[in-house]
Asker: 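Dumping the structure here so I can ask a few things about it.
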Number of protein chains: 2
Amino acid sequence: MNQTKKHYHHGDLRQTLLDTATAIISEGGVDALSMRKLADHVGVSRTAPYHHFKDKNALLCAIAEAGFKQHFEVVSLLPQQHPQLDKHALFELYVLSYIRFADSNPETYDLMFGKEIWKLGQPSEALHATSRQCFQHWLEWIEVLQTEKVLTDQHPTLRVAQASWATLHGLCRLLNDGIYVNRDDLEEMGKTAAAMLLKSPAGAD
Amino acid sequence: MNQTKKHYHHGDLRQTLLDTATAIISEGGVDALSMRKLADHVGVSRTAPYHHFKDKNALLCAIAEAGFKQHFEVVSLLPQQHPQLDKHALFELYVLSYIRFADSNPETYDLMFGKEIWKLGQPSEALHATSRQCFQHWLEWIEVLQTEKVLTDQHPTLRVAQASWATLHGLCRLLNDGIYVNRDDLEEMGKTAAAMLLKSPAGAD
DNA sequence: GTAATAACTTGACACTGTCAAGATCGGTAG
DNA sequence: CTACCGATCTTGACAGTGTCAAGTTATTAC
């Protein structure tokens with residue numbers, strides 16, 4: 001009765017809730033997560049979680065935030081991990097990494113960019129900050145690609161960043177939401193998208 | 001007591017349900033629609049709707065289907081309505097029309113392309129057919145643009161269609177889901193996206 | 001007119017999120 | 001060591017959800 005047993009005080013409930021909730025969501029989607037089942041699964045009463053998260057929205061925000069951090073870690077390391085690639089190839093890799101993340105963590109992705117939080121619920125301050133940081137990173141990188149003439153510089157950096165991100169996001173959603181079903185085509189779709197966004201190399205016509 | 005009164009048989013319940021449900025959704029989103037409130041609003045008992053729609057999913061499918069038809073009507077008429085435009089401009093118009101539709105009917109758009117139906121529920125046969133027709137139309141048009149050298153022909157038509165559609169869809173979702181909030185930038189974002197997807201006109205570099 | 005059937009209602013069940021009030025424990029002040 | 005306090009957890013309750021089963025009523029077919 002030393003650990004994970006029936007103490008009145010769980011001791012580490014907050015983190016346990018986060019972990020279990022993430023697991024449930026990864027397995028069955030956001031809709032598979034109910035506060036009650038979560039509590040049940042962890043072995044506490046229905047309302048115990050409310051002492052660690054204001055409400056369900058707060059829990060979801062915390063999970064989404066972790067997702068952003070994980071995602072940021074992956075993409076922000078790409079350039080220094082592949083110094084041999086030229087900018088075109090690096091952009092493609094970026095695109096593919098993004099898509100792969102969404103594909104391997106579909107439910108987390110849903111939470112990170114879903115209306116559940118951003119429209120219906122309200123994103124926590126922390127979530128706002130973390131996601132902003134991700135977009136900021138993307139924005140800076142787009143700017144670099146513009147000065148290197150790999151992306152168009154005929155339009156403002158912000159617009160190019162929004163439009164290109166929208167492409168990635170759109171691909172992910174179409175697959176994630178079950179509209180496109182052929183996940184096998186994923187890579188090829190990503191490559192096509194990357195190629196279309198990039199300025200055609202001089203003389204490609 | 002001849003019309004819209006308290007007959008035991010409503011007489012036109014199916015259509016009334018569709019209309020009312022569409023109205024409720026347009027106003028407060030899919031989540032604002034509950035079978036019980038809908039029935040209440042129409043003035044019938046909780047389970048009356050179930051005699052006209054197998055379940056909530058079936059109702060949503062019917063609404064989504066109507067959305068596809070409405071959307072198809074708009075975009076399929078564009079070419080003949082604007083014969084003076086060149087292909088570049090027409091593509092941009094197409095993009096803008098798509099975005100405007102999603103912007104003016106955000107909740108319907110949600111339903112048409114949301115996981116509510118496609119992933120969690122199951123799309124009706126009719127919905128499948130209608131949406132397929134829409135994509136088919138898009139596909140054929142992309143093919144034309146490829147042969148006219150306005151879009152890249154370095155990649156298969158299907159891939160180009162998927163990638164370009166994903167861009168539109170991504171933009172719509174980012175705005176629709178509350179991730180981008182500046183709806184004023186909508187048109188400009190659409191134009192930037194269109195420009196990036198199109199092959200740069202010869203000599204633009 | 002009677003029988004079949006379509007349309008509708010009431011009752012019930014198992015869920016959901018979350019509030020209010022009470023129980024129990026761990027740590028600290030005296 | 002004791003008394004208390006606040007953090008933590010529990011039980012009870014409420015209003016809401018989708019939908020099934022069984023009963024009621026009106027319309028239609030013969």
Side-chain angles (χ1 to χ4, degrees), chain A residues 1-21 24-25 28-64 111 114-117 119-122 124, chain B residues 1-21 24-25 28-64 111 114-117 119-122 124:
Chain A
M1 63 190 64
N2 40 2
Q3 50 199 11
T4 69
K5 281 298 157 200
K6 281 269 169 92
H7 291 79
Y8 188 90
H9 286 83
H10 183 283
D12 194 18
L13 187 52
R14 196 193 136 93
Q15 192 57 46
T16 308
L17 285 171
L18 272 178
D19 295 346
T20 311
I24 292 178
I25 285 177
V30 193
D31 309 81
L33 178 72
S34 88
M35 285 305 213
R36 296 169 98 107
K37 276 199 295 201
L38 171 60
D40 234 47
H41 204 279
V42 168
V44 293
S45 74
R46 291 151 276 156
T47 57
Y50 286 85
H51 292 265
H52 298 273
F53 299 97
K54 183 184 154 292
D55 52 18
K56 193 178 186 179
N57 177 70
L59 210 187
L60 296 181
C61 281
I63 298 175
L111 217 47
K115 70 172 176 169
E116 181 107 33
I117 287 178
K119 193 177 186 181
L120 306 178
Q122 46 189 23
S124 67
Chain B
M1 66 187 64
N2 41 2
Q3 51 201 10
T4 69
K5 281 299 155 199
K6 280 272 167 89
H7 291 78
Y8 187 88
H9 286 81
H10 182 284
D12 193 18
L13 187 51
R14 197 193 135 91
Q15 192 56 46
T16 308
L17 285 171
L18 272 179
D19 294 346
T20 311
I24 291 178
I25 286 178
V30 193
D31 310 79
L33 178 73
S34 88
M35 285 306 214
R36 297 169 99 107
K37 275 198 297 199
L38 171 60
D40 233 49
H41 204 279
V42 168
V44 294
S45 74
R46 290 152 278 158
T47 57
Y50 286 86
H51 292 264
H52 298 274
F53 299 96
K54 183 183 154 290
D55 51 19
K56 192 178 186 179
N57 178 70
L59 209 189
L60 296 182
C61 282
I63 297 175
L111 217 47
K115 69 171 176 170
E116 181 107 33
I117 287 179
K119 193 179 187 182
L120 306 178
Q122 47 189 22
S124 67

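Below, chain A is the first sequence line, B the second, and so on; all start at residue 1.
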Asker: Can you tell me how far P of C:dG17 sits from CG of A:D31, to the nearest Å?
Answerer: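 Between P of C:dG17 and CG of A:D31: 11 Å.
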
Asker: Counting the atoms with a prime plus P, OP1 and OP2 as sugar-phosphate, which does A:K54 contact under 4.0 Å by heavy atoms, base, sugar-phosphate, or nothing?
Answerer: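 Since no nucleic acid heavy atom lies under 4.0 Å of A:K54, the category is nothing.
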
Asker: Hey, is NE2 on B:H52 packed in by over 12 heavy atoms from elsewhere, all under 6.0 Å?
Answerer: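 More than 12 heavy atoms, drawn from other residues, nucleotides or ligands, come within 6.0 Å of this atom.
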
Asker: Nearest-Å distance, CG (B:D40) to P (C:dC8)?
Answerer: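 Interatomic distance, CG of B:D40 to P of C:dC8: 15 Å.
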
Asker: Between A:E116 and A:L60, is there a side-chain heavy-atom distance shorter than 4.5 Å?
Answerer: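 With C-beta onward as the side chain, the pair touches.
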
Asker: Check whether the side chain of B:R36 and the base of D:dG18 form a donor-acceptor pair under 3.5 Å.
Answerer: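 Side chain to base: pair found, below 3.5 Å.
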
Asker: Report yes if at least one side-chain N or O of A:H51 is closer than 4.0 Å to OP1 or OP2 of D:dT10; otherwise report no.
Answerer: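 For D:dT10, OP1/OP2 do not have a side-chain N/O of A:H51 under 4.0 Å.
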
Asker: Compare all side-chain heavy atoms of B:K115 with those of A:D31 and state whether any distance is below 4.5 angstrom.
Answerer: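 Yes, close enough: below the 4.5 Å cut-off.
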
Asker: In whole angstrom, give the distance that lies between atom NZ of A:K56 and atom P of C:dC19.
Answerer: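 Distance, rounded to whole Å: 14 Å.
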
Asker: From the list D:dT11, D:dA21, C:dG17, which nucleotide is the closest neighbour of the side chain of A:T47?
Answerer: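 Nucleotide nearest to A:T47's side chain: D:dT11.
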
Asker: Round to a whole Å and report the spacing from CZ of A:R46 to P of C:dG22.
Answerer: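 Rounded to the whole Å, the gap is 16 Å.
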
Asker: Are the side chain of A:D55 and the backbone of A:Y50 linked by a donor-acceptor contact shorter than 3.5 Å?
Answerer: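 Not at all, since once roles are kept as given, no pair shorter than 3.5 Å links the two residues.
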
Asker: I need the CG-C1' distance between B:D55 and D:dG18, as an integer number of Å.
Answerer: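 Atom CG in B:D55 sits about 9 Å away from atom C1' in D:dG18.
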
Asker: Nearest-Å distance, CZ (A:F53) to P (D:dT8)?
Answerer: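 These atoms are roughly 12 Å apart.
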
Asker: From D:dA21, D:dT17, D:dG18, pick the nucleotide closest to the side chain of B:K37?
Answerer: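 Given the options D:dA21, D:dT17, D:dG18, the side chain of B:K37 is closest to D:dT17.
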
Asker: Roughly, in whole Å, what's the span from CD in A:E116 to P in C:dG17?
Answerer: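 Answer to the nearest Å: 10 Å.
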
Asker: Of the nucleotides C:dT9, D:dG18, C:dG17, which one has an atom closest to the side chain of B:S45?
Answerer: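 From the listed options, C:dT9 comes nearest.
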
Asker: Would you say a side-chain N or O of B:S34 is under 4.0 Å from OP1 or OP2 of D:dT17?
Answerer: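 Answer is yes, contact under 4.0 Å.
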
Asker: Whole Å only: how far is the NE2 atom of B:H52 from the P atom of D:dT19?
Answerer: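 Those two atoms, NE2 and P, are 16 Å apart.
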
Asker: Side-chain contact test, heavy atoms from C-beta onward, threshold under 4.5 Å: evaluate it for A:L17 versus A:L59 and give yes or no.
Answerer: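 No, every pair of side-chain atoms sits at 4.5 Å or beyond.
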
